[in-house]
Amino acid sequence: MTLDKDLQSIQAARELLKQAKQAQAQFVQFSQEKVDSIVAHIAAEAARHAEELAKLAHEETGFGRWQDKVLKNTFASTKVHEHIKPLKTVGIISDDPVNKVMEVGVPLGVITALVPSTNPTSTIFYKTLIALKAGNAIIFSPHPNAKACSQKAIELVKRAAMEAGAPAGIVDGVTLLTMEATKELMHSKDVSLILATGGEGMVRAAYASGTPTISGGPGNGPAFIERTADIKQAVSDIITSKTFDNGVICASEQSIIAERCIYEQVHQELLAQGAYFMNEQESQQLANILLRPNGMINPVIVGKCAQSLAEIAGFSVPANTKVLISRQDSVSHQNPYSREKLCPVLGLYIEEDWRSACDRVVELLTNEGMGHTLVIHTQNQDIVRQFALEKPVFRMLVNTPAALGGIGATTNLIPALTLGCGALGGGSSSDNVGPMNLLNVRKVGYGVCNIDDLRQPEASIASAAQLAQPVQAAPVTAPAPAVAASTPASIFEDTRFTGGPAPVAAPASAATTSADDRFGCGVPASACNDAGTDARNDITEENVERIIKQVMGRMAS
């Protein structure tokens, strides 16, 4: 009896999992040097086939530009490898002899990776490198619309891994693509983690599976051009980013926010660099095709160039048009110009000043893209700091193309194609995901004290009372004792902190001749009583902190 396609795909997925589990059990025994040599060989082979696979991906999906996909493939192999190469991930990865804490890298096991159609080959290169660097096996579930190019990329990394000495099964992928096969991978008890990059529905399904998941999320990055910006460079960065692979990278800008006082300059620079400002009718025509009736992105427009988008929408634009821009003044889930658009289309908002621009940024991100990315073009570092403290994203980029800066190509962020959105975006990580996200760390802590060191004598409670009282001059009958003889061994033994009786005040004549060193101030007692002379000796929170540090220092010595 012949099994139907779904049952065959489920059985094939189970076989992949069995092989991956066996391979990972061997791989986990490899040394750091052996793991690194395998990862290096995979990266080199991937880079060598960057152009071939870029052309195949473009031909199969119709998304983006193959020339930019070459760069993405090279980034996902060479750039990612350069970053992860020096990382220690095998065995003892950290040993602190001073604090007596040691850390051991523990691979997760078998990882299931979902692959998007927008980055079908570069994602496979990137995820293979970071998974194997962390000592894991990885099984890919490609997008059906990018099946051929994804499977070729999987075969490439699979062959390269085995050539370098990795066990068979350490990296593989589903060939009989069905939803049932993907579900089997996501729900299997043999899968330790799902590394999800793809559409919102697939990412939600990954989290709903009950298997630990790290994912990216939808972007909706605003680009704020502040009045101190280099306007020509800012516009160049935005257009470079939005046209890179025709806008399919989720970190790319989705809208421009400009201050009114510089808008005319921004407008003229956008025109000079290839932007086309749609009129109200054209904006509506394009809006009609940007989203499906269910509110999701229409795949017909994904990765298309500006001329093709205009043609599909029913109007024409000059041949040199790079991006389409629509003036907007509202934000809503029904307004596609205020949402993620995986194509060279931008909404444009004009705001009175940077404060109202801040409000618009938050409004856009709250609408979609929480936790993902925003970019600001400015020379004002105070505004950069203010934005960094308050804006609900985990990648804030300054004076750079967002698509390339967000993934770590034009910034020193971790090179990655899975960009976490953290709890704000409904995810488990806010990182640019790398090998250390795919590794558990076993902590080894040596004992440095015992329970007697933690306990305090009962006498300390009673004898600490005087600490809570204001500082008084030393009694007339005797000068203040020396610090070494009178200072308690513990701050908890000092009566000044427990509300005990205050010492008897000394006459002014005696105060001028004896020093009160209980606070380590080394000044006459009269000065300790005079807040106008030395406020450091009042019982304030700052002085208490200072005293504690002094006492603890004496205990240590």
Side-chain angles (χ1 to χ4, degrees), residues 72 76 80 108-131 133-134 136-146 150 173-174 179 181-188 191-221 248-252 254 296-297 302 339-340 342 365 368-374 392-395 402-403 406-408 413-440:
K72 282 200 293 188
V80 168
L108 302 182
V110 178
I111 293 173
T112 285
L114 307 182
V115 183
S117 56
T118 49
N119 302 301
T121 56
S122 54
T123 297
I124 288 168
F125 294 163
Y126 151 70
K127 289 186 177 181
T128 297
L129 295 179
I130 64 171
K133 175 70 176 183
N136 303 296
I138 187 165
I139 299 174
F140 289 100
S141 178
H143 193 286
N145 293 341
S150 292
V174 175
M179 284 299 297
T182 302
K183 287 180 182 178
E184 181 68 22
L185 292 176
M186 292 195 298
H187 288 82
S188 172
V191 171
S192 301
L193 179 81
I194 301 170
L195 191 52
T197 311
E200 189 175 350
M202 185 60 76
V203 170
R204 286 180 179 175
Y207 279 104
S209 70
T211 302
T213 298
I214 295 177
S215 70
N220 189 30
V248 300
I249 292 182
C250 55
S252 65
Q254 304 300 322
M296 304 300 287
I297 293 177
V302 174
R339 295 185 55 191
E340 182 180 49
L342 299 179
L365 291 169
E368 186 172 45
M370 285 276 278
H372 207 293
T373 304
L374 72 83
V393 294
F394 296 113
R395 270 158 298 279
I407 64 174
L413 300 182
I414 292 175
L417 293 178
T418 297
L419 309 180
C421 296
L424 287 174
S428 58
S429 174
S430 60
D431 291 342
N432 280 23
V433 178
M436 304 313 291
N437 297 97
L438 309 183
L439 190 72
N440 285 328

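Residues Ile130 and Leu195 have side chains in contact (heavy-atom distance under 4.5 Å, counting atoms from C-beta outward). The shortest side-chain heavy-atom distance between Lys72 and Ile407 does not fall under the 4.5 Å cut-off. Between Asn119 and Thr197, the closest side-chain pair of non-hydrogen atoms is not below 4.5 Å. With contacts defined as side-chain heavy-atom distances shorter than 4.5 Å, the pair Met186/Val191 does not qualify. Using a 4.5 Å heavy-atom cutoff, the side chains of Val393 and Thr373 are not in contact. With a 4.5 Å cut-off on side-chain heavy atoms, Val80 and Leu417 do not count as touching. Using a 4.5 Å heavy-atom threshold, the side chains of Cys421 and His372 count as touching. Within the 4.5 Å cutoff, the side chain of Tyr126 has heavy atoms near those of the Thr418 side chain.
For Pro435 against Ala134, the heavy-atom pair with the smallest separation is O-CB, 3.6 Å. Contact record, Ala131 with Ile111: CB-CD1, 4.2 Å, taken as the closest heavy-atom pair. Across Pro120 and Ser117, no two heavy atoms sit closer than the pair CD-O, 3.2 Å. Shortest non-hydrogen contact noted between Gly216 and Val203 is O-CG1, 4.4 Å. The nearest pair of heavy atoms linking Gly406 to Leu419 is O-CD2, 3.7 Å. In this structure, Ser122 and Ala76 approach most closely via the heavy-atom pair O-CB, 3.2 Å.
A side-chain donor-acceptor contact under 3.5 Å links Thr182 and Ser141.
One N or O on the side chain of Ser209 and one on the backbone of Ala206 form a donor-acceptor pair closer than 3.5 Å. The backbone N or O of Gly422 sits nowhere less than 3.5 Å from a side-chain atom of Ser430 that would complete a donor-acceptor pair. Side-chain atoms of Asn220 never come within 3.5 Å of backbone atoms of Gln254 as a donor-acceptor pair (strictly under, hydrogens ignored). Looking only at distances, no side-chain donor or acceptor of Ser215 sits under 3.5 Å from a matching main-chain atom of Ala196. Although no hydrogens or angles enter the test, the distance criterion places no donor-acceptor pair under 3.5 Å between the side chain of Asn437 and the main chain of Asp431. Under the 3.5 Å distance criterion, the side-chain polar atoms of Asn136 are matched with a main-chain donor or acceptor of Gly109. Panel note: side chain Lys127, backbone Leu114; a donor-acceptor pair is recorded below 3.5 Å. Under the 3.5 Å distance criterion, the side-chain polar atoms of Thr128 are matched with a main-chain donor or acceptor of Ile124. With Glu368 contributing its side chain and Glu340 its backbone, the two residues share a donor-acceptor pair below 3.5 Å.
Among residues at least two apart or in separate chains, salt bridge (Lys or Arg N to Asp or Glu O under 4.0 Å) pairs with a member in residues 204-218 are Glu200-Arg204.
The salt bridge (charged side-chain N to carboxylate O under 4.0 Å, His left out) search around Arg395 returns none, not counting sequence neighbours.
The CZ atom of Phe394 sits 8.5 Å away from the CE atom of Met370 when rounded to the nearest 0.5 Å. Annotation: the span from Thr118 atom OG1 to His143 atom NE2 amounts to 8.5 Å, rounded to 0.5 Å. Atoms CG and OG1, from Leu193 and Thr213 in turn, are 6.5 Å apart once rounded to the nearest 0.5 Å.
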